[in-house]
Amino acid sequence: MGRNFWLFSVGRLVSLIGSGVQALAIPLYILDLTGSGAIMGTFAVITMIPRIIFGPIAGVVGDRFNRKLIMIYMDFARGAAILAMAYMANAETLTISILFIFQLLISTLDISFDPATAAMLPDIIEEDKLLRGNSILGAVNSISYIVGPALGGVLYGLFGIEVVFILNGVSFVASAISEIFIVYEQTTEKSRVSVKSVFVDIVEGISYLRRIKGLMMVLIFAMVSNFLLAPVFTVVFPFFARTVVGFSSQQYGFLQSGWVVGVLIGNILLGDCSF
């Protein structure tokens, strides 16, 4: 698949595992600190707000600027923010309010990173290898979703939230360093982003969705599914597992990892079929 692809994939794997560790640990930390499902729900809402507001804009930016630089800058910025949280946790100055502010910032950086990552793959591998490349990245995602929560439960249970932040911050920095060595030439249009250009691009994107039969229905189904299921997995499920069933952090981490084992197997089978 080539050096660029593997640098891209390894960097993404390291970064996603760190994110998985933190994604599991923070709700447990909030629950242990406050005992409140409402505060956990507030945290989940804060995590989603930037995706709702900045998602369309981030896609436009990813189409007009150097995607490699976007990835590098966003990873370094997220690493710095999370290491700052580790420092504050060590100094015992990390309050729920400060945690919410940092999460709002990190979620904004996440949504700036994601479109550039998704769109960059065709620029670094040949067209006839795209199916296999996407399959490998799917497996990378699944591995990180399995390892991350399990590791998060163990690390949080044994060492606390500070170590979780340190691991995640270092993972983002390591991901950014690996991305520096990717050989990449910008193929997107270099132009200034304005309110008008953003609006035009969004309208073109909606028109494209309408032209392809069935794609709009898939999008609506995904939106409704996320709306109905996201609160269950981000608030109800961890609250029930910890307070009602009495799971430890380690047990809850392994339980979360079990959900995606089937996804991993599916991606491996898809990769075999591409040969």
Side-chain angles (χ1 to χ4, degrees), residues 10-37 39-44 46-47 74-107 109-110 140-178 233-235 237-261 264:
V10 171
R12 184 170 177 81
L13 176 64
V14 172
S15 178
L16 286 175
I17 288 177
S19 295
V21 168
Q22 184 167 313
L24 180 125
I26 290 183
L28 296 183
Y29 174 70
I30 292 173
L31 186 59
D32 290 343
L33 199 63
T34 67
S36 171
I39 295 179
M40 289 178 63
T42 303
F43 178 81
I46 288 173
T47 301
M74 293 304 103
D75 270 347
F76 273 129
R78 288 184 291 183
I82 294 167
L83 290 174
M85 293 169 67
Y87 175 80
M88 297 180 72
N90 179 259
E92 298 183 353
T93 57
L94 183 65
T95 64
I96 292 296
S97 298
I98 293 174
L99 182 62
F100 283 178
I101 293 171
F102 268 105
Q103 185 60 34
L104 191 64
L105 170 63
I106 292 167
S107 294
L109 296 173
D110 284 343
V140 164
N141 292 345
S142 298
I143 290 171
S144 67
Y145 297 151
I146 293 170
V147 174
L151 189 60
V154 172
L155 290 175
Y156 176 69
L158 294 178
F159 305 109
I161 197 67
E162 180 186 348
V163 170
V164 170
F165 286 148
I166 291 173
L167 177 65
N168 198 18
V170 170
S171 74
F172 276 122
V173 173
S175 177
I177 292 172
S178 73
F233 287 100
T234 57
V235 181
F237 191 61
F239 187 83
F240 177 81
R242 288 283 278 174
T243 61
V244 179
V245 182
F247 275 12
S248 67
S249 299
Q250 294 94 326
Q251 289 172 325
Y252 179 68
F254 285 114
L255 181 64
Q256 283 284 82
S257 298
W259 290 107
V260 290
V261 171
L264 173 62

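No experiment lies behind these values; they were computed from the predicted model shown.
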- Do Thr42 and Ile96 have side-chain heavy atoms sitting under 4.5 Å apart? no
- How many angstroms lie between atom CD1 of Ile82 and atom CG of Leu109, to the nearest 0.5 angstrom? 9.0 Å
- Task: With the side chain counted from C-beta on, respond yes when Ile30 and Phe100 share a heavy-atom pair under 4.5 Å apart, and no when they do not.
- Result: yes
- Note on the structure: Of all heavy-atom pairs linking Leu24 and Gly153, the shortest is CD2-N, 3.4 Å
- Message: So which atom in Ala25 and which in Val164 form the shortest heavy-atom distance, rounded to 0.1 Å?
- Response: CB-CG1, 3.7 Å
- Item | Contact check, side chains of Phe76 and Ile177, non-hydrogen atoms, under 4.5 Å | yes
- Query: Looking at side-chain heavy atoms only, is the closest gap between Ile101 and Leu105 below 4.5 Å?
  - Reply: no
- Item | Between CG on residue Asp110 and OG1 on residue Thr47, distance to nearest 0.5 Å | 9.0 Å
- Distance in Å, Leu31 CG paired with Ile26 CD1, rounded so as to fall on 0.5 Å steps: 13.5 Å
- Provide the full list of side-chain hydrogen bond (donor to acceptor under 3.5 Å, both in side chains) pairs with a residue in residues 153-172, sequence neighbours left out, each pair given once. Gln22-Asn168, Asp32-Tyr156, Asn90-Glu162, Asn168-Ser171
- Message: Using 0.5 Å steps for rounding, measure from the CG atom of Leu94 to the OH atom of Tyr29.
- Response: 5.0 Å
- Message: Do Gln103 and Ser107 have side chains that approach each other closer than 4.5 Å (heavy atoms only, starting at C-beta)?
- Response: yes
- Query: Do Ile39 and Leu33 come within less than 4.5 Å of each other through their side chains, counting heavy atoms only?
  - Reply: no
- Message: Tell me every residue that passes side chain to side chain donor-acceptor pair (under 3.5 Å) with Ser178, counting only those two or more places apart in sequence or in another chain.
- Response: none
- Shortest non-hydrogen contact between Thr93 and Ile98, atoms and distance: O-CD1, 3.4 Å
- Hey, does Leu83 have a side-chain heavy atom less than 4.5 Å from the side chain of Phe165? no
- Note on the structure: Rounding to 0.5 Å, atoms CE (Met88) and OG1 (Thr95) come to a distance of 6.5 Å
